[in-house]
Amino acid sequence: MNTPKKTLVVIGNGMVGHHFLTSLVNSPIKETYHIVTFCEEPRAAYDRVHLSAFFSGQTADDLSLVEPGFFEQHGITLHIGDKAAQINREEQTVLSDKGVLIHYDTLVLATGSFPFVPPVPGHDRPECLVYRTIEDLEAIATVAQKSKVGVVVGGGLLGLEAAKALHDLGLKTHVVEFAPRLMAVQLDEAGGAMLRHKIEHLGVTVHTGKNTQLITDGEHCFNKMCFADGEELETDLILFSAGIRPRDDIARACGLEVGSRGGIVIDNQCKTSDANIYAIGECALWNGMIYGLVAPGYTMARTVVTDLASQPASFTGADMSTKLKLMGVDVASIGDAHAKSQGALTYTYQNGDLEVYKRIVVSADKKHLLGAVLVGDASGYSTLLQYCLNGIELPEHPDTLILPSRSDESGGLGPDALPLSAQICSCYDVSKGDICQAIEAGCSTVGDLKAGTKAGSGCGGCAALVKSVLNSELTKQGVTVNTDLCEHFAYTRQDLFTLIKVEKITTFDDLIEKHGHGLGCDICKPTVASILASNWNDFVLKPELAPLQDSNDAFLANIQKDGTYSVVPRIAGGEISPDMLITLGQVGKKYQLYTKITGGQRVDLFGARVEQLPLIWKDLIDAGFESGHAYGKSLRTVKSCVGSNWCRYGVDDSVGLAIELENRYKGLRSPHKIKFAVSGCTRECAEAQGKDVGIIATEHGWSLYVCGNGGMKPRHADLFATHLDKETLIKYIDRFLSFYIRTADRLQRTSVWMENMEGGLDYLKSVIIEDNLGLCEQLEEQMQHVVDTYQCEWKTTIEDESKLKRFKHFINSDQADDNIVFIEERGQLRPAETKDQKHFKLVEVA
Amino acid sequence: MSHWQTICEVDALQANSGVCALVEGQQVAVFYMPKSQSVFALHNYDPFAKANVLSRGIIGDLKGEPIVASPVYKQHFNLKTGCCLEDETVKIPAYSVRIDQSHVQINLDYD
Ligand SMILES: Cc1cc2nc3c(=O)[nH]c(=O)nc-3n(C[C@H](O)[C@H](O)[C@H](O)COP(=O)(O)OP(=O)(O)OC[C@H]3O[C@@H](n4cnc5c(N)ncnc54)[C@H](O)[C@@H]3O)c2cc1C
Ligand code: SF4
Ligand code: FES
């Protein structure tokens with residue numbers, strides 16, 4: 001018998017509201033409900049936690065939390081862009097702004113919170129903004145374009161994240177905080193001071209103990225902020241990040257109990273004062289607390305689902321520990337960071353040189369960890385958190401947990417020390433047991449685990465721990481994760497790079513004799529050839545190197561499907577004189593080559609037979625051309641827009657810089673091809689944000705983007721640094737490329753390299769900008785050597801009789817390969833196919 | 001009528017790579033590994049690319065067997081037998097070759 005379905009209405013399709021829906025549809029009770037949700041925003045749920053990624057190129061679609069077809073598939077009615085306006089508890093109805101009236105049996109409020117804007121006069125001026133939704137970020141980007149200075153009001157977690165965003169947008173950035181220190185909620189005084197010092201070092205000015213009283217017209221900027229102490233600050237953009245307030249108005253209006261300082265009061269089952277109504281997420285007040293993090297909200301959502309299924313469930317508070325990277329600075333706070341527990345003991349470690357501050361709070365009997373604060377180095381976070389959450393007994397001297405280990409003994413708690421019940425991912429409540437189960441069921445990569453258990457797919461804070469559990473379990477199962485390059489070398493590409501560099505190995509034979517076995521193959525030979533070239537930059541067709549080269553490198557040209565080659569001379573920056581262009585035409589005509597303009601702003605000449613290559617290149621070199629290295633896994637082109645010399649919008653000379661960069665890095669061998677582009681202003685005509693290295697001119701200097709890609713798997717580049725002068729720009733690119741060449745896998749583009757990099761963009765910045773590995777000098781030297789030893793490989797080739805021997809089709813005859821046949825199409829030649837022969841006349845080529 | 005004919009001198013070969021010789025109108029790829037003083041010969045035609053290019057492939061070994069990798073689509077062919085490692089239905093002609101003093105000699109009859 002079919003019982004009629006009850007109606008469940010969810011108000012708010014934010015992070016928590018949506019997590020509730022996904023948990024509900026995975027539960028058997030979903031069958032008993034007809035589900036309706038009101039979503040005030042113009043789009044369904046998205047990842048607010050990673051909102052800032054919007055500024056580094058992620059789109060609203062990228063941030064979406066909704067799997068395609070989710071609502072349709074589960075029969076959920078979604079009222080998008082429609083705000084629930086009124087609840088009638090007696091009638092059990094919800095009325096929306098657009099006039100939808102729905103009867104509910106069960107109602108879930110997930111209305112979230114709104115940013116608090118202090119009611120100072122002038123707070124509603126047009127450049128005063130907040131940081132909560134995608135629309136907010138769009139508004140910030142628009143205002144930032146016409147701004148030079150930006151102020152963030154509020155020095156908490158979110159405020160500092162917002163400050164980073166403004167800084168990256170190229171604004172001179174200030175943080176104004178009312179409290180005497182930054183991140184007052186999470187950090188103690190010394191930790192706050194250390195953070196402040198680090199952040200100011202990065203170019204953001206911090207003002208603490210400042211009480212804003214008025215915002216009015218500025219003299220040099222759009223606005224001026226006046227503080228209680230009489231000081232003033234000129235700024236264009238003002239971003240309020242002074243805390244959040246629960247959105248409880250709709251609950252208040254229908255008479256639900258709310259807290260004195262806001263928030264919809266809920267019990268341990270997340271029920272409000274009306275038994276048919278639940279509240280979850282940032283709008284809910286539990287035990288006098290609003291939780292401004294996703295993980296507790298998710299736990300509340302799951303509690304409601306369990307409660308609806310009439311299973312025992314309760315929400316009993318949540319851990320508020322956090323670990324973040326703020327402006328490249330690691331910050332973490334765990335449990336009772338302020339040592340408020342009775343009898344708590346504290347241990348502090350402070351290193352003024354490395355700017356590291358660590359403090360742990362320990363119970364009176366020294367057995368348990370109660371809390372911790374880490375600034376500058378949060379590598380111990382996972383371990384400390386596990387001690388704290390799982391009540392694991394501390395070692396005899398608890399301070400060993402924060403003292404730098406000078407010997408090999410590490411204070412770290414290996415994943416094996418954790419009980420199966422230990423919660424590894426708090427966002428999705430995934431325990432170590434869940435992860436072990438998934439591994440037994442066949443998950444063998446972090447990606448598998450993310451897909452299978454969701455661990456790590458929320459805030460990402462647990463990623464390192466998930467990985468170490470995975471590795472330790474796999475090792476226990478006897479699975480060795482095989483990263484060998486191929487059967488000839490039991491090493492990764494990165495290992496081989498180091499061996500070759502350190503042992504100064506210059507030939508493949510030497511390397512395989514010392515570190516490998518067998519003869520080699522088409523995987524290891526080109527890989528080693530590339531590493532040798534990156535390190536020593538010897539001529540690639542030297543007798544001992546030539547046999548290692550991949551098809552294209554072996555003949556310094558690009559092999560085509562019929563065994564002919566294409567020829568691409570370098571046209572640095574895409575700038576070419578009419579005379580040179582004529583030469584290209586003449587050469588194309590002389591050898592009857594098919595001619596095409598490439599995507600990299602140069603000319604590709606197709607259909608050259610192997611024996612024609614030296615003749616063609618002799619003509620080209622005589623006319624002043626040089627190899628374009630289109631055949632190598634190496635720097636291809638630096639594309640440029642016409643820039644400030646001609647363009648009426650141009651801010652700087654993009655062509656000049658492109659030529660300089662192309663000439664600097666030409667011939668550089670790398671794990672895969674590398675493409676650059678330079679745009680003369682933010683209109684970005686050169687599409688630099690789709691390149692491995694992209695540079696855009698701004699009024700404040702060059703902005704550098706890295707790890708973008710077009711092609712099969714497009715990736716928007718990450719903004720790496722701004723306000724650069726040319727010298728610094730080149731220094732960063734030198735380091736970036738050298739580091740990529742050292743550490744990437746074979747045939748790994750910078751985009752994929754970045755995506756697999758532990759620590760991601762921030763880590764890369766710390767290596768290249770802050771020199772955290774102390775490697776920068778070496779990286780620059782590595783590049784300078786390649787720059788200093790550049791040669792045009794074609795020039796070297798045609799000048800050496802013995803090298804020309806290989807450019808013949810037959811060793812014992814001057815005949816040409818009779819299998820190469822062309823036909824004519826659109827006035828040029830192209831390879832014939834059997835099917836063509838009926839339609840086109842075959843052309844004999846001399 | 002098995003017969004050996006000289007196609008070139010050893011120094012015309014490329015160490016650890018291939019070259020192509022024209023023998024009785026046939027294109028023959030000849031590969032040379034100086035360390036073991038071995039030579040191998042296959043037809044130069046790559047049946048996947050439908051082009052005469054095998055002499056330009058990288059050579060080496062896989063599981064102890066000498067191989068050449070097609071420079072176009074990278075399939076591997078056993079240098080002794082001509083068998084394709086990726087597709088066992090494909091086999092290209094393999095010929096007997098030898099180095100006699102400094103002459104590279106080939107026997108085009110194959111079974
Ligand atoms: C920039 C930023 C960074 C953050 N970083 C972190 C972090 O690193 N870690 C972390 O744990 N948390 C972080 N947070 C906090 C986290 O995003 C929130 O805790 C989480 O989004 C709360 O989810 P929620 O569903 O309660 O609220 P929301 O995600 O705000 O969703 C509420 C939704 O309900 C809608 N709504 C409200 N009223 C109505 C109505 N009457 N009718 C219809 N719809 C309505 C709202 O428009 C909104 O879409 C961050 C937040 C921001 C803004
Ligand atoms: S990017 Fe700017 S400078 Fe370059 S062509 Fe476009 S508008 Fe002009
Ligand atoms: S703890 Fe947030 S993703 Fe795991």
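Here is how names work: the chains are called A, B, and so on, in the same order as the sequence lines, proteins then strands, and each is numbered from 1.
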Relative to chain B, which segment of [X] carries a heavy atom at a distance below 4.5 Å: side chain, backbone, both, or neither?
X: A:Gln815; result: side chain
X: A:Ile820; result: neither
X: A:Ile559; result: side chain
X: A:Asp562; result: backbone
X: A:His488; result: side chain
X: A:Asn552; result: neither

How close do [X] and [Y] get, heavy atom to heavy atom, and via which atoms?
X: B:Leu108; Y: B:Tyr95; value: O-CD2, 3.6 Å
X: B:Phe77; Y: B:Gly82; value: CD2-O, 3.9 Å
X: A:Thr564; Y: A:Gly607; value: OG1-CA, 3.8 Å

Completion exercise
Given A:Arg806, A:Lys808, A:Glu544, the one with more heavy-atom pairs under 4.5 angstrom with chain B than any other is A:Arg806

For chain A, which of [options] has the most heavy-atom pairs under 4.5 Å?
options: B:Val28, B:Val23, B:Ile67, B:Ile59; value: B:Ile59
options: B:Lys35, B:Met33, B:His76; value: B:His76
options: B:Lys74, B:Gln14, B:Lys50, B:Gln27; value: B:Gln27
options: B:Ser17, B:Ala21, B:Ala69; value: B:Ala21
options: B:Pro71, B:Cys20, B:Ser70, B:Gly60; value: B:Cys20

Please state whether the side chain, the backbone, both or neither of [X] comes within less than 4.5 Å of a heavy atom of chain A.
X: B:Lys63; result: both
X: B:Ala15; result: backbone
X: B:Asn44; result: side chain

Report the relative orientation of the aromatic rings in [X] and [Y]; use parallel for angles under 30°, tilted for 30 to 60°, perpendicular for over 60°.
X: B:Tyr45; Y: B:His43; result: perpendicular
X: A:Phe555; Y: A:Phe807; result: perpendicular
X: A:His515; Y: A:Tyr491; result: perpendicular
X: A:Phe489; Y: A:Phe508; result: perpendicular

Exercise for the section: Considering only NZ, NE, NH1 and NH2 on the basic side and carboxylate oxygens on the acidic side, decide whether A:Lys542 and A:Glu793 come within less than 4.0 Å. Expected result: no

Handout entry: Carboxylate-amine/guanidinium contact A:Lys514 A:Asp509, below 4.0 Å
Key = no

Practice task
Begin with the C-alpha distance, continue with both residues' side-chain angles, and end with the deciding distance and a verdict on salt bridge (charged side-chain N to carboxylate O under 4.0 Å, His left out) for A:Lys525 and A:Asp550.
Solution key: CA-CA 8 Å; A:Lys525 284 185 172 180; A:Asp550 224 334; over 6 Å; no

